[in-house]
Amino acid sequence: MRKMVMTVVPRDGAEALLNALVNAGYTATFMESRGGMLRQSQLSLFTAVDSDELDKVLEIIRKSCTPQVVVEAEEEQETYSFGQTSITT
């Protein structure tokens with residue numbers, strides 16, 4: 001089964017993550033967004049992966065992003081946070 005990983009990262013950190021994903025053989029689609037109180041620019045990256053490769057993709061994201069805030073998991077979804085990056089599977 002395939003899973004969609006959506007990662008929201010600050011614009012200045014997105015290129016490193018995108019390069020790491022592509023270098024590992026994954027594809028990603030991204031779009032720019034602005035929002036929040038400070039109207040900061042962010043990129044949303046979308047990566048479709050097989051379930052058995054999900055941990056590899058999450059590890060790439062962990063290594064490419066700086067942790068700042070942790071968000072607790074919702075009941076039916078697992079949510080991981082790495083700084084301003086949030087991953088929901």
Side-chain angles (χ1 to χ4, degrees):
M1 177 156 72
R2 295 188 55 86
K3 298 221 176 203
M4 176 67 70
V5 179
M6 180 183 143
T7 312
V8 179
V9 295
R11 185 164 181 64
D12 59 352
E15 188 171 342
L17 175 57
L18 185 57
N19 287 338
L21 288 168
V22 170
N23 289 337
Y26 299 101
T27 59
T29 300
F30 67 91
M31 66 179 198
E32 184 175 358
S33 59
R34 291 185 186 269
M37 188 173 67
L38 301 176
R39 307 274 190 252
Q40 295 175 336
S41 178
Q42 304 167 12
L43 288 184
S44 299
L45 282 82
F46 302 91
T47 307
V49 297
D50 291 325
S51 295
D52 60 333
E53 295 196 11
L54 180 61
D55 289 334
K56 292 177 188 175
V57 170
L58 294 177
E59 186 61 27
I60 291 169
I61 295 168
R62 282 184 193 102
K63 288 180 178 179
S64 300
C65 299
T66 305
Q68 294 175 359
V69 178
V70 176
V71 177
E72 293 184 24
E74 297 176 16
E75 272 185 43
E76 295 186 27
Q77 297 178 342
E78 293 180 18
T79 302
Y80 309 88
S81 288
F82 307 97
Q84 295 178 358
T85 303
S86 182
I87 306 162
T88 301
T89 59

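In what follows, every heavy atom counts, from backbone to side chain, and hydrogens, waters and symmetry copies are set aside.
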*Could you pull out all residues at least two apart from Ser41 that satisfy side-chain hydrogen bond (donor to acceptor under 3.5 Å, both in side chains)?*
Glu32
_salt_bridge(Lys56, Glu59) N-O dist < 4.0 Å_ = no
Donor-acceptor contacts under 3.5 Å from residues 17-24 side chains, at least two apart:
| from | atom 1 | to | atom 2 | distance (Å) |
| --- | --- | --- | --- | --- |
| Asn19 | ND2 | Glu15 | O | 3.3 |
| Asn23 | ND2 | Asn19 | O | 3.1 |

Considering only distance and modelled atom types, tabulate donor-acceptor pairs under 3.5 Å from the side chains of residues 45-53, sequence neighbours left out.
| from | atom 1 | to | atom 2 | distance (Å) |
| --- | --- | --- | --- | --- |
| Asp50 | OD1 | Arg2 | NH1 | 3.0 |
| Ser51 | OG | Met1 | O | 2.7 |
| Glu53 | OE1 | Tyr26 | OH | 3.0 |

